[in-house]
Amino acid sequence: MLAACASVSKAPSPDQAPDPVVQTRTVTVKVCPAELGQALADRPKVPAGAKITSNADGDSWLEAVLAWGDQAARLFTDARQACQAQAAAP
């Protein structure tokens with residue numbers, strides 16, 4: 001008989017509950033944020049009769065806003081593609 005088993009009594013005492021068994025399991029699931037699943041709207045088309053008049057400061061601001069929007073759309077598209085590739089990887 002093993003020494004550890006030699007000291008165990010045959011019947012547990014009524015005031016002593018048996019030690020609980022605890023199991024831990026970790027599961028990693030790769031998911032993309034829901035926001036990346038949203039469709040990106042098409043870039044607005046300039047209507048045939050559109051006219052924009054502004055000064056140099058207004059032109060600079062408009063160019064900066066358009067560049068900012070283009071960069072945001074590229075970042076969004078790149079993030080979606082990278083996330084989908086990572087989620088598909090084993």
Can you give me every donor-acceptor pair (side chain of residues 56-71, partner residue at least two apart or in another chain, under 3.5 Å) with its distance?
from	atom 1	to	atom 2	distance (Å)
Asp59	OD1	Ser54	OG	2.3
Ser60	OG	Ala56	O	3.1
Asp70	OD1	Arg43	NH1	2.2

Minimum-distance pair of heavy atoms, taken over all atoms of [X] and [Y]:
{"X": "Val46", "Y": "Ala50", "value": "CG1-CB, 3.8 Å"}
{"X": "Arg80", "Y": "Gln38", "value": "NH2-O, 2.5 Å"}
{"X": "Ala79", "Y": "Leu36", "value": "O-CD1, 3.9 Å"}
{"X": "Gln84", "Y": "Cys32", "value": "N-SG, 3.7 Å"}

